[in-house]
Amino acid sequence: MQKVRVRFAPSPTGALHIGGVRTALYNYLFARQHGGQLIFRIEDTDSARFVPGAEEYILEAFRWLGIQFDEGVSFGGDHGPYRQSERRDIYKVYVQQLLDAGRAYIAFDTPEQLNAKREQVPNFQYDASTRMQMCNSLTLGPDETQRRVAEGQPYVVRFLIEPGQDVHVADIIRGDVCINSSILDDKVLWKSADQLPTYHLANIVDDHLMEVTHVIRGEEWLPSAPLHVLLYRAFGWEDTMPRFAHLPLLLKPDGKGKLSKRDGDRLGFPVFPLEWHDPKTGEVSHGYREDGYLPEAVINFLALLGWNPGGDQEILSMQDLIEKFDLTKCSKSGARFDYVKGQWFNREYLLQKPDEEWAPALVHLLGQQGIEATQQQAAEVVRMMKMKVIEYDTKEGKKKRNISFISDLWPLCRFFFVAPAQFDREDKFVKKNWKPETAADMREMAQLLGGVTDWSIQGLKDAVDPWVEATGKKPWNAWRVCLVGEGQGPDMNELAVFLGKDETLRRMEFAIQTLG
Ligand code: GLU
């Protein structure tokens, strides 16, 4: 059996859209599942749309996401070069082949002439019905064409489409897609001005030479597919024509139509994998990485946009996805971009992560608030808060803490680093737990704590528990008012150990003074 070879072939025209990431992911899953190869090809034949930095951006995004390529730009391989702008000589040979076989022709029409024609003929299309009225090798004859080319007149090579034939595209997701060739125009395949092919020709020649077996790409390329099939035929490559799979569009989270960057700006979610600094406009766009998403969460979320393995397991690792992925089960209709679900995935992955792995990000976040914390302190805070979050989550009826991002921790864990500066006497928890006699109780407790030499959970228990038992007092909530300022936070002994003796006593003293 033929070895699976697929490719992801972006044009370096800017940041990679999240839909492109999903396309690359599906190619990756398919390749891995079949023990095949994934190629990274850069389609940069449209120099007017080239954006510096885009190629590096795309590569970095895939490094971050853990999508690995086997061959291609920056990876090497024996089907290179993999950047189309470096393959000029190759395309020239194939354009000539089509010209020699009478499957393509040379056209000299200037942009002005074409515009004039468009104005004159409604719905003008350069095709069988009009090509004999135009300025090309078919109307000028070989000698005049030769003369003009030799003279250096700019020209393009157009594909000669024979009208009236049914063209079938066998699509793995959509089944047989059939159109009539009469609706197609004689597409430009090559331009003398920059000695470069257009997308269509370069794409087909490269897929053929790179021995691509499956073309998995976005639905927006479906209209080009019949033309591509005709090109394969014109070259006599039908036997090795790749199989097509056109993936469902990503749709707006709300309303109609396809997902756009504006939806992200409007609703507050990124549409790019990494932050993007547009070199032309200077505009900075959000990225999943910088917004605090974990790559595993992004992968899991994207994989299920347009496909699902059935059943109700939603948390799937890359390995699970590789095993379960099934192109034939992709949906034909568009997939709504449920970004809230993306946040949910992030939360699930975040909660699974070991505390130490949260620490660097939390240290960074605290640093932005002017708080210096060690990695160990940060990991401790995460441990205490995470326990709390999971507890809230599992205890039915309790309000959920919405930690979807590490940055959500800051408002919840502020009190670990910043002492209460004032108390809200109207707060339910404070009101309920700070009575006229409480200050005296807290003073007594502070005295006990002041004598503790072993400032550990056990040490604190040994000092306070006998007093609690003997007096029947319940100091915990009032103590929480002192240390936290409100009715939240972790186990009190744990918190006191984290704060240390001095800080614990200082906060108690302040509460006693302030609340009286
Ligand atoms: N260069 C095209 C793009 O930017 C590739 C389309 C295809 O995969 O054929 O998406």
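In listed order, ligands and their atoms are each counted from 1.
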Given His228, which of Phe235, Trp237, Tyr199 fulfils the ring pair (Phe, Tyr, Trp, His ring centres under 6.0 Å) condition? Tyr199
Within 4.0 Å of some non-hydrogen atom of Arg217, the atoms of ligand 1 are 7 (C), 8 (O), 9 (O)
So is Phe8 touching ligand 1 or not, going by heavy atoms under 4.0 Å? no
For the 3.5 Å polar cut-off, considering only N or O atoms, please tell me whether Ala9 and ligand 1 meet it. yes
Give a yes/no verdict on whether any heavy atom in Glu220 is under 4.0 Å from an atom of ligand 1. no
Specify whether Tyr349 and Phe345 have parallel, tilted or perpendicular ring planes, treating 30° as the upper limit for parallel and 60° as the lower limit for perpendicular. tilted
Suppose I only count heavy atoms of Ser11 and a 4.0 Å limit; which atoms of ligand 1 are within that range? 1 (N), 4 (O)
Which residue owns the protein heavy atom closest to atom 8 (O) of ligand 1, what's the atom, and how far is it? Arg7 NH1, 2.7 Å
Ring pair (Phe, Tyr, Trp, His ring centres under 6.0 Å) partner of Phe8, the single match among Phe62, Tyr28, Tyr26: Phe62
Quick test: of every protein heavy atom, which one is nearest to atom 10 (O) of ligand 1, and how far off is it to 0.1 Å? Trp221 CZ2, 3.3 Å
Ring centroids only, cut at 6.0 angstrom: are His214 and Phe30 within range, meaning strictly under it? yes
Are Phe405 and Tyr293 an aromatic pair by the rule of ring centers under 6.0 Å? yes
For the CD1 atom of Ile106 and the CZ atom of Arg158, what is their distance to the nearest 0.5 Å? 12.5 Å
Taking only heavy atoms of Asn203 into account, list the atoms of ligand 1 that are under 4.0 Å away from them. 7 (C), 9 (O)
Heavy-atom contacts with Glu43 under 4.0 Å: which atoms of ligand 1 show up? List them by number with element. 1 (N), 2 (C), 5 (C)
Ring centroid separation for Phe325 and Trp307, is it under 6.0 angstrom? yes
